[in-house]
> 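Take a look at this one; I'll ask things after.
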Amino acid sequence: MAKVALVTGGSRGIGAAISQALKAAGYQVAATYAGNDDAARSFTDETGIKTYKWSVADYDACKNGVAQVEADLGPIDILVNNAGITRDAMFHKMTPEQWKEVIDTNLTGLFNMTHAVWTGMRDRKFGRVVNISSINGQKGQAGQANYSAAKAGDLGFTKALAQEGARAGITVNAICPGYIGTEMVRAIDEKVLNERIIPQIPVGRLGEPEEIARAVVFLVADDAGFITGSTLSANGGQFFV
Ligand code: CAA
């Protein structure tokens with residue numbers, strides 16, 4: 001039986017490319033989404049990948065949602081924590097709500113989702129967890145104190161959990177995409193994007209979602225078992241750690 005992969009935020013943007021690349025690589029794939037029913041429906045129509053609606057910020061919803069996916073497809077072998085949101089504002093204008101929403105989804109969402117699959121992975125002595133962090137968790141970004149804090153937290157989470165999972169055949173890795181040509185990035189004011197951001201990318205362009213998806217396929221492979229706790233930067237040369 002093909003291994004089962006679950007991709008959060010898997011019906012749009014980078015997540016959609018990851019879902020499709022995993023399917024093309026032979027995995028059974030399920031994708032979650034939080035709100036956009038129309039996008040999820042057309043994604044399923046176009047790709048045949050089943051979508052499930054719940055918020056990764058809700059612990060019980062994650063537990064119940066994972067149980068449903070496992071009832072439909074079988075035990076989850078691969079979890080890609082991709083779901084993420086932005087609520088950008090300079091810090092002096094940032095509201096507690098903007099802080100909380102981003103932390104709840106982009107950081108606590110990883111706890112909620114990974115907790116729901118972890119025991120099963122430990123019992124079966126196999127698992128692959130890939131956390132989609134961000135260049136802005138590595139370098140920080142003005143206007144994103146909330147997002148940068150959450151994405152940096154994702155890297156600490158990855159490294160701690162990699163140590164816990166190692167003996168149980170579970171690898172936990174992070175990918176830090178730079179600026180990728182998704183709706184999230186295109187929502188940035190065009191002037192800010194063209195005048196402040198793209199000039200800082202040495203390759204001179206935004207990345208493609210497929211360029212991140214390819215890295216996920218590499219990290220989740222059966223023969224990638226020695227790679228754990230790592231952070232893979234894919235940012236067009238914008239930032240080196
Ligand atoms: N460093 C220091 N100061 C900066 C700055 C920077 N990088 N960017 C802006 N400022 C300054 C501006 O010069 C300005 O100063 P003055 O008032 O003295 O002129 C002040 O901060 C306010 O800047 P804005 O006029 O841009 O403020 P705004 O309130 O209109 O917009 C913002 C704020 C929404 C955060 C906007 O600056 C912005 O969109 N910035 C880009 C943020 C960004 O990169 N987001 C990434 C989203 S994509 C993503 O997150 C995916 C991923 O993982 C990469």
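Atoms within each ligand, like the ligands themselves, are counted from 1 in listed order. Note: hydrogens, waters and symmetry copies are ignored here, and every other heavy atom, side chains too, is used.
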> Using a 4.0 Å heavy-atom cut-off, which part of Lys151 comes near ligand 1: side chain, backbone, both, or neither?
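Contact part for Lys151 vs ligand 1: neither.
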> For atom 40 (N) of ligand 1, what is the nearest protein heavy atom, given as residue, atom name and distance?
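Scanning the protein heavy atoms, the shortest distance from atom 40 (N) of ligand 1 goes to Val192 CG1, 3.8 Å.
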> So which bit of Ile197 gets within less than 4.0 Å of ligand 1, heavy atoms only: side chain, backbone, both or neither?
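It is the side chain that touches ligand 1; the backbone stays farther off.
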> Any N or O on Lys93 sitting closer than 3.5 Å to an N or O of ligand 1?
yes
> Identify the closest protein heavy atom to atom 2 (C) of ligand 1: which residue and atom is it, and at what distance?
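The closest one turns out to be Ala142 CB, 4.3 Å.
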> If you measure from the Lys or Arg side-chain nitrogens to the Asp or Glu carboxylate oxygens, is any gap between Lys63 and Asp60 under 4.0 Å?
no
> Considering non-hydrogen atoms of the protein only, which is the closest contact for atom 44 (O) of ligand 1, and what is the distance?
Tyr179 OH, 2.7 Å
> Look at atom 42 (C) of ligand 1 and say which protein heavy atom is nearest, naming residue and atom and giving the distance to 0.1 Å.
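For this ligand atom, the closest protein heavy atom is Asp88 OD2, 3.6 Å.
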> Using a strict 4.0 Å cut-off to heavy atoms of Gly143, name the atoms of ligand 1 that fall inside it.
35 (C)
> Quick check: does Thr86 get an N/O under 3.5 Å from an N/O on ligand 1?
no
> When you measure from atom 6 (C) of ligand 1 to the protein, is at least one non-hydrogen atom found at a distance under 4.0 Å?
yes
> Within a strict 4.5 Å, meaning less than it, do heavy atoms of the Val216 and Ile132 side chains meet?
yes
> If you define the side chain from C-beta out and look only at heavy atoms, does anything of Leu206 sit under 4.5 Å from Ile198?
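Yes, side chains in contact.
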> Are any non-hydrogen protein atoms located under 4.0 Å from atom 31 (O) of ligand 1?
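No, no protein heavy atom sits under 4.0 Å from atom 31 (O) of ligand 1.
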> Report the nearest protein non-hydrogen atom to atom 3 (N) of ligand 1: residue, atom name, distance rounded to 0.1 Å.
Met90 CE, 4.4 Å
> On a heavy-atom basis, I'd like to know which of Arg196, Gln144, Arg186 is closest to atom 23 (O) of ligand 1.
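Considering heavy atoms of Arg196, Gln144, Arg186, the nearest to atom 23 (O) of ligand 1 sits in Arg196.
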> Just one of Asn173, Thr231, Thr158, Asn82 clears the side-chain hydrogen bond (donor to acceptor under 3.5 Å, both in side chains) bar with Asn131, so which one?
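Answer to the side-chain hydrogen bond (donor to acceptor under 3.5 Å, both in side chains) test with Asn131 among Asn173, Thr231, Thr158, Asn82: Thr158.
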> Do Asn235 side-chain atoms and Gly237 backbone N/O form a donor-acceptor pair below 3.5 Å?
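Pair found, side chain donor or acceptor close to backbone of Gly237.
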> Can you tell me how far apart CD1 (Ile212) and CD1 (Ile14) are? Round to the nearest 0.5 Å.
5.5 Å
> Would you say that more than 12 heavy atoms from the other residues, nucleotides or ligands in this model lie under 6.0 Å from the NZ of Lys100, or not?
no
> Taking atom 26 (O) of ligand 1 as the reference point, report whether a protein heavy atom occurs under 4.0 Å from it.
yes
> Using the rule side-chain contact (heavy atoms from CB on, under 4.5 Å), only one of Asn112, Thr8, Thr32, Asn64 pairs with Trp54; which is it?
Thr32
> Looking at atom 14 (C) of ligand 1, would you say a protein heavy atom lies below 4.0 Å from it?
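When distances to the protein are checked, atom 14 (C) of ligand 1 has no heavy atom within 4.0 Å.
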> CD of Glu183 to CZ of Arg12: how many Å apart, nearest 0.5 Å?
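With rounding to 0.5 Å, CD (Glu183) is 5.0 Å from CZ (Arg12).
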> Please step through side-chain hydrogen bond (donor to acceptor under 3.5 Å, both in side chains) for the pair Gln138 and Ser233, ending with a clear verdict.
CA-CA 9 Å; Gln138 296 173 298; Ser233 299; 3.0 Å; yes
> Taking 4.0 Å as the limit for heavy-atom contacts, which would you say applies to Asn136 with ligand 1: side chain only, backbone only, both, or neither?
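Looking at Asn136 and ligand 1, just side chain atoms fall under 4.0 Å.
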> Between Arg128 and Asp77, is there a salt bridge with N-O shorter than 4.0 Å?
no
> Under 4.0 Å from a heavy atom of Ser134: give me the atoms of ligand 1 that qualify, with their elements.
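The list of qualifying atoms is 52 (C), 53 (O), 54 (C).
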> Check each atom of ligand 1 against the heavy atoms of Val185 and keep those under 4.0 Å away; list them by number with element.
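Heavy-atom distances to Val185 below 4.0 Å select 48 (S).
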> A side-chain contact here means heavy atoms from C-beta on lying under 4.5 Å apart; do Asn136 and Lys151 qualify?
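A side-chain contact under 4.5 Å is absent here.
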> Using a 3.5 Å cut-off on N or O atoms only, is Tyr147 in polar contact with ligand 1?
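Min N/O separation from ligand 1 is below 3.5 Å for Tyr147.
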> Around atom 39 (O) of ligand 1, find the nearest protein heavy atom and jot down its residue, atom name and distance.
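Protein heavy atom with the smallest distance to atom 39 (O) of ligand 1: Ile188 CG2, 3.9 Å.
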> Quick test of your reading of the model: are Arg205 and Glu211 salt-bridged, counting only N-O distances below 4.0 Å?
yes
> Any protein heavy atom sitting closer than 4.0 Å to atom 53 (O) of ligand 1?
yes
> So is Gly178 close enough to ligand 1, meaning a heavy atom under 4.0 angstrom away?
yes
> Does the protein place a non-hydrogen atom closer than 4.0 angstrom to atom 17 (O) of ligand 1?
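Under 4.0 Å from atom 17 (O) of ligand 1, zero protein heavy atoms found.
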> Does any non-hydrogen side-chain atom of Leu193 lie less than 4.5 Å from one of Asp189?
no
> Would you indicate which of Met184, Gln238, His92, Lys191 comes nearest to atom 49 (C) of ligand 1 when only heavy atoms are counted?
Met184
